Amino acid sequence: MSATFATSDAHGHLTELTAALQRAGLLDGESHWAGGSSTLWVLGDLLDRGPDGLGVIALVRRLVDEAAAAGGSVHPLLGNHEVIALGTRLFGRTEVVHRGVVRTFESIWARNGGLESDQDGIDAELFAWLAGLPAVGLDGDHLLMHSDTLAYLEWGDTVDDVNRAVRQILAGDDPVAWFDVLVGLGRRHEYAGPSGPAAARTLLGALGGQRIVHGHSIIGDLFDEPVESYSEPRLYADGLALDIDGGIYDGGPCLVARLSE
């Protein structure tokens, strides 16, 4: 099998993610890579909200190696919850004045489903791995990212420039710069509505590709539908954007989108 897939926003739901990847033919019954030369993109928010963020991270890291050995590839990207978790680890309760507002990473983490069990497992090695994840990826006609926002253009006008800038910020200890990344990745719904297609074209025109693939915004929230009413990713913005966040932590499906053969 050789195809391109994407999934997003597992949020610590290891059992559901594993089952979804097995249904897609990417994992065998023992949760090892079975996708051959296929490619899987994992669009961030591996942890928080669900019971086993560390387990989700461990699975993804193992699949990176197993897929490479089989001639395939697994590409995890950075989500806003990775930034929340790492920022909490680095800055904790430190008060930071950001855009005129006093903020702490720990309070944001607590309000957004942060788990002590995840925090306890973020050692220096895992911190470095998560902080080094790329923010965006380009695979043929698909531009892949976590958040449905134009904020990526604040860090560069090519995929490499964006990834280099975000990595540089997360390699440092400037809390204001960290909050800039967190706030940018927290933006959403910018490809929806009447102005959405134009926004999507702006991003694609700068970074490349013909279609954006993202998570972050639950399909049910974006289209004002109950999470039990859909079971597939949602194409919108004149066909320029594909939302693959089923809303697993809100009772929705864990989606694995098949992007190309």
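Since this is a predicted model, take the numbers as computed values, not measurements.
Linking ILVMFWY side-chain heavy atoms closer than 4.5 Å, directly or via other members, places Leu185 and Leu47 in a single hydrophobic cluster. Two different hydrophobic clusters hold Leu138 and Ile244 under the rule that ILVMFWY side chains link at heavy-atom gaps under 4.5 Å. Hydrophobic clustering places Val181 together with Leu90 (ILVMFWY residues linked when any side-chain heavy atoms are closer than 4.5 Å, directly or through intermediates).
Using a 4.5 Å heavy-atom cutoff, the side chains of Glu106 and Thr88 are in contact. Taking 4.5 Å as the limit, some side-chain heavy atom of Arg49 sits within range of a side-chain heavy atom of Asn112. Residues Leu63 and Leu21 are in side-chain contact: their nearest non-hydrogen atoms beyond the backbone lie under 4.5 Å apart. Asp48 has its side chain within reach of Trp109: a pair of non-hydrogen atoms, C-beta onward, lies under 4.5 Å apart. The shortest distance between side-chain heavy atoms of Glu16 and Pro253 does not fall below 4.5 Å. Residues Leu43 and Leu77 form a side-chain contact, since some pair of their non-hydrogen atoms from C-beta on lies under 4.5 Å apart. Using a 4.5 Å cut-off on side-chain heavy atoms (C-beta onward), Glu225 and Arg234 make contact.
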Evaluate Ile218 against Val227 for side chain to side chain contact (heavy atoms under 4.5 Å, CB included), listing each step before the verdict. CA-CA 8 Å; Ile218 296 173; Val227 293; 4.2 Å; yes
For Glu82 and Leu46: C-alpha separation, side-chain torsions, deciding distance, then whether side chain to side chain contact (heavy atoms under 4.5 Å, CB included) applies. CA-CA 7 Å; Glu82 280 73 48; Leu46 305 175; 3.6 Å; yes
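Arg89 places a side-chain N or O within 3.5 Å of a backbone atom of Ile122 that can act as its donor or acceptor partner. Without hydrogens or angle criteria, Trp129 side chain to Gly132 main chain gives no donor-acceptor distance under 3.5 Å. A donor-acceptor contact shorter than 3.5 Å links the side chain of Trp178 to the backbone of Ile169.
Between the CG atom in Leu240 and the CG atom in Leu143 there is a gap of 11.5 Å [rounded to 0.5 Å]. Rounded to the nearest 0.5 angstrom, Asp139 CG and Phe5 CZ are separated by 12.0 Å.
Aromatic ring centroids of Tyr230 and Phe223 lie 6.0 Å or more apart.
If you check the side chains of Arg62 and His32, you find a donor sitting under 3.5 Å from an acceptor. Thr4 and Thr39 share no donor-acceptor pair across their side chains, judged by distance under 3.5 Å alone.
Legend: residues meeting side chain to side chain donor-acceptor pair (under 3.5 Å) with Asp243, ordered by chain and number and at least two apart, are absent.
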What side-chain donor-acceptor pairs closer than 3.5 Å can you find for residues 192-210, not counting sequence neighbours?
residue : atom : partner : partner atom : Å
Thr202  : OG1  : Ala198  : O            : 3.0

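In this structure, Phe179 and His98 have tilted ring planes: the angle between them lies in the 30° to 60° band.
Considering Arg188, His81, Met145, His189 in turn, Arg188 is the only one that fulfils the side-chain contact (heavy atoms from CB on, under 4.5 Å) rule with His216.
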